[in-house]
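Since the structure comes first, as structure tokens, the remarks are kept for the end.
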Amino acid sequence: MDILFDLNLDHAYAEHLRQQQPDSVAAQELITDLEDKIGAAVNLVWQRHRTLPAVGDRVEVDSEWVVITARTFGQDGSVWLAAGRFEV
């Protein structure tokens, strides 16, 4: 069984990355690339454990951690996740 989900960086994390990049196009490419990597990591969690991470769960991406900050289920069966920077 496959599950489809959408994933975005939460606003604070995306803004943090935008401030680090002087070029807006480069910032958006960085954000898109990171969202793809996080999505692949979440998909791997689903394949191995048959569960999606919940709010507060950490997911390892390229030897760093992100935290799931929101999880929403739509009436149409859609699932949306938001991920933020994990800070100790």
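A quick note: this is a predicted structure, and the numbers were derived from the prediction, not measured. Numbering of residues begins at 1 and proceeds along the displayed sequence.
- With a 4.5 Å cut-off on side-chain heavy atoms, Tyr13 and Ile31 do not count as touching.
- Heavy atoms only, all atoms of each residue included: Phe5 and Val42 are closest at CZ-CG1, 3.6 Å.
- Closest heavy-atom contact between Ala41 and Val61: CB-CG2, 3.9 Å.
- Side-chain contact between Gln28 and Arg18 is present, with at least one heavy-atom pair separated by less than 4.5 Å.
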Val66 vs Phe86, side chain to side chain contact (heavy atoms under 4.5 Å, CB included): CA-CA, chis, key distance, verdict: CA-CA 5 Å; Val66 296; Phe86 177 71; 5.7 Å; no
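- Under the 4.5 Å side-chain heavy-atom criterion for Ile, Leu, Val, Met, Phe, Trp and Tyr, Val79 and Val45 are members of distinct hydrophobic clusters.
- Taking every heavy atom of both residues into account, Gly84 and Asp10 meet most closely at CA-OD2, 3.5 Å.
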Between Glu35 and Lys37, is a salt bridge (charged side-chain N to carboxylate O under 4.0 Å, His left out) present by the stated rule, with each step listed? CA-CA 5 Å; Glu35 288 172 340; Lys37 288 179 182 180; over 6 Å; no
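- Of the inter-residue distances, the one linking Leu9 atom CG with Glu15 atom CD reads 11.0 Å to the nearest 0.5 angstrom.
- Atoms OG and CG, on Ser78 and Asp6 in that order, are 7.0 Å from each other to the nearest 0.5 Å.
- In terms of heavy-atom proximity, Leu81 sits nearest to Pro53 at CD2-O, 4.1 Å.
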List the steps, then state whether side chain to side chain contact (heavy atoms under 4.5 Å, CB included) holds for Leu52 with Ile3. CA-CA 9 Å; Leu52 287 173; Ile3 189 164; 3.7 Å; yes
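- A salt bridge does not link Glu60 to Arg58: none of the charged side-chain nitrogens sits closer than 4.0 Å to a carboxylate oxygen.
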Yes or no on side chain to side chain contact (heavy atoms under 4.5 Å, CB included) for Gln21 and Leu30, after CA distance, side-chain angles and deciding distance? CA-CA 9 Å; Gln21 294 290 325; Leu30 176 67; 3.9 Å; yes
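- The hydrophobic clustering, which links ILVMFWY residues whose side-chain heavy atoms are closer than 4.5 Å, places Trp65 and Val55 apart.
- Between Ala83 and Thr69 the shortest heavy-atom distance is N-OG1, 4.0 Å.
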